[in-house]
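Input: a single structure, listed below in structure tokens.
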There are 2 protein chains.
Amino acid sequence: MTRDQGIAAAIHDEIERLILNGTWKPGQRIPTELELTARYDCARMTVHKALARLAERGLIVRRRRAGSFVAAPPAEQAVLTIGDFAEEAARTGQRYTHEILLRSEIPAPAGDFTTGEPLLLLHCLHRFDAVPAAWEERLIRIAAVPAVRTARFEREAPGTWLLRHVPWSQAEHEISAATAEAGVARRLNLRRGAALLCLRRRTWHGGGIVTDVRLSFPAERHRFTARFSATTEK
Amino acid sequence: MTRDQGIAAAIHDEIERLILNGTWKPGQRIPTELELTARYDCARMTVHKALARLAERGLIVRRRRAGSFVAAPPAEQAVLTIGDFAEEAARTGQRYTHEILLRSEIPAPAGDFTTGEPLLLLHCLHRFDAVPAAWEERLIRIAAVPAVRTARFEREAPGTWLLRHVPWSQAEHEISAATAEAGVARRLNLRRGAALLCLRRRTWHGGGIVTDVRLSFPAERHRFTARFSATTEK
DNA sequence: AGTGATTTGTTCGTATGTATT
DNA sequence: GAATACATACGAACAAATCAC
């Protein structure tokens, strides 16, 4: 057994290894809690904890009376981390700046918002080492974050500011590609028709939508990476 | 308390709600296990289980002696599900077909593979209702999946076939945008220079790389969507 | 159709260890 | 070093699901 973070963790890891390297194959039934209790010479609760964690992570499926089974490999999934700009720049040693190019209060158009309610519309250009890196168009529902009216977004970009002011929200992301039309191309210093990587994120909090943001990245300068593994640490 | 899946689950859900709706704010210390034990009139182990799960999900941070605290809202994360083509088509009621346009054994170029070892190179066109939907270029390390030599990929696309033959692998994904060069444009029936949404996925199993695939989607016809919420069920 | 046995699910109470203040 | 609060493990009991007869 590998880690000495405890017996349960060790059992968990060992069984995980057996599944990942194919010793225990999908669909195969694994020993019962009692058998494992004997094998590892520990309490049933300890085995149970290890198996419960494996089940939670989707490596095994448990059915009362029937037993525990190695799960079918999952549909491809990836955990995408969409970093904060400032953070990302810091990681790569670049200097990050942003500039608010438009700020206006408008009534909500038809769509996700309640039509007519007051929104704040922002256009923001993000730069890494003075080179345009992303173009942001954002709508914020003022009623959801009244403080936004007085925020100047000088030190922090709107996204970072919101993260601090609307904790623990839900979000929906959409990643797509597009060709740059004239306005965006000019802002990002690209030719018209250049490929863009686009991220749209809508964020909700407590049932109501808070913000709807569209980010456009020059294709050569940005990509999203994600690692999926059943072995995800922690 | 909401669900009657057990006391621990109910406590977990209630605390989650308090955090999500902002009653308990980031950084704030939450009651000790003993206090919660009293409040919910249950055993400390039951409370512990609920808190352990919340900690695992990242909603709280636990420090010995210091107590448990509401975590800072996470960096934006999204769980991206990259569906199987056949599956996706079935969901939208379209007819899915694929066609292998190239199949050849080549020695590995420098890169992720051990230079010179035998690989299978595949080009595959995916269609939804006869319209080109994705262009796939794939390398498979033959030593990792010997059975691939005899596979014809007539009924199943290479990706689906591999999923069944190499269970429980790890993968790394990269999403980017690009403009179509002549070859891909022709395959996908696009103009040269059209925007593409690109997905590169490298898959490992048991330490060794198994396959490296690049998928190109016409920008207008495909997007990735992902929902993130701290409230993720299960 | 029903009964009993098996297996997992949940909780309880207790004990001990460990990190931090 | 002492107190605190979390971390882990043990053993026991009963509940719930379901398989086999």
- Query: NA contact type, A/A8, heavy-atom cut-off 4.0 Å: base, sugar-phosphate, or nothing?
  - Reply: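 Touches sugar-phosphate only.
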- Message: Within the 4.0 Å heavy-atom criterion, would you say A/R63 contacts the bases, only the backbone, or no part of the nucleic acid?
- Response: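 Sugar-phosphate: the residue A/R63, judged by heavy atoms under 4.0 Å, touches backbone atoms but no base.
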- If you draw a 6.0 Å radius around CZ in A/R63, do more than 12 non-hydrogen atoms from other residues or ligands fall strictly inside?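 No, because the 6.0 Å sphere around CZ of A/R63 holds 12 heavy atoms or fewer from other groups.
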When the distance from [atom1] of [X] to [atom2] of [N] is rounded to whole Å, what number comes out?
| X | N | atom1 | atom2 | answer |
| --- | --- | --- | --- | --- |
| A/D41 | D/dA9 | CG | C1' | 13 Å |
| B/I11 | C/dT10 | CD1 | C1' | 12 Å |
| A/I30 | C/dT8 | CD1 | C1' | 12 Å |
| B/R53 | D/dC6 | CZ | P | 19 Å |
| A/E56 | C/dT8 | CD | P | 17 Å |
| A/Y40 | D/dA9 | OH | P | 14 Å |
| B/L34 | D/dA7 | CG | P | 14 Å |
| A/E35 | C/dT7 | CD | C1' | 11 Å |

So, OP1 or OP2 of [N]: does either fall under 4.0 Å of a side-chain N or O from [X]?
| X | N | result |
| --- | --- | --- |
| A/S68 | C/dT8 | yes |
| B/R62 | D/dA7 | yes |
| A/R29 | C/dT7 | yes |

- Of the options A/R201, A/R200, A/R141, which is the one that meets A/D212 in a salt bridge (Lys or Arg N to Asp or Glu O under 4.0 Å)?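 Only one of A/R201, A/R200, A/R141 forms a salt bridge (Lys or Arg N to Asp or Glu O under 4.0 Å) with A/D212, namely A/R200.
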Using a strict threshold of under 4.0 Å (side-chain N to carboxylate O), is an ion pair present between [Y] and [X]?
| X | Y | answer |
| --- | --- | --- |
| B/E99 | B/R127 | yes |
| A/D129 | A/R221 | no |
| A/E33 | A/R62 | yes |

Nearest of [options] to any side-chain atom of [X]?
| X | options | answer |
| --- | --- | --- |
| A/I7 | D/dC6, C/dA5, D/dA9 | D/dA9 |
| B/E33 | D/dC19, D/dA9, D/dA7 | D/dA7 |
| A/T32 | C/dT20, C/dT8, D/dC19 | C/dT8 |
| A/R65 | C/dT6, C/dT20, C/dC12 | C/dT6 |
| A/K49 | C/dC12, C/dG9, D/dA9 | D/dA9 |
| B/R64 | C/dT18, C/dG13, D/dC10 | C/dT18 |

- Message: Let me spell it out: for each of A/G67 and A/M45, pick the nucleotide of DNA chain C with the closest heavy atom. Which residue's pick is nearer the 5' end?
- Response: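 The answer here is A/G67.
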- Is there a donor and acceptor pair closer than 3.5 Å between the side chain of A/R44 and the base of C/dG9?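 It does, because a donor-acceptor pair links the side chain of A/R44 to the base of C/dG9 below 3.5 Å.
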- Query: Which class fits the ring pair A/F85 and A/F128: parallel under 30°, tilted 30 to 60°, perpendicular over 60°?
  - Reply: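 Geometry flag for A/F128 against A/F85: perpendicular rings.
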